[in-house]
Amino acid sequence: MLLRQRIKRVVISCPPSVLRQWQEEMVSRFGLAFTVMDRA
């Protein structure tokens, strides 16, 4: 859907313990850079 430009945003909710792992996986597997938004 991103390639077809049908969506602009993606939200991924995950436990804090795997947050960085998910972020790295999205870059390495799909070439997508995500911004981490947390309470801080």
Side-chain donor-acceptor contacts of residues 17-24 below 3.5 Å, not counting sequence neighbours, with atom names and distances?
{"residue": "Arg20", "atom": "NH1", "partner": "Gln23", "partner atom": "OE1", "Å": "3.0"}
{"residue": "Gln23", "atom": "NE2", "partner": "Phe34", "partner atom": "O", "Å": "2.9"}

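- Following chains of ILVMFWY side-chain contacts shorter than 4.5 Å, one can reach Ile12 starting from Phe30, so the two form part of one hydrophobic cluster.
- For residues 26-36, the set of pairs meeting the side-chain hydrogen bond (donor to acceptor under 3.5 Å, both in side chains) definition, not counting sequence neighbours, comprises Glu25-Arg29.
- Under the 4.5 Å side-chain heavy-atom criterion for Ile, Leu, Val, Met, Phe, Trp and Tyr, Leu32 and Val10 are members of the same hydrophobic cluster.
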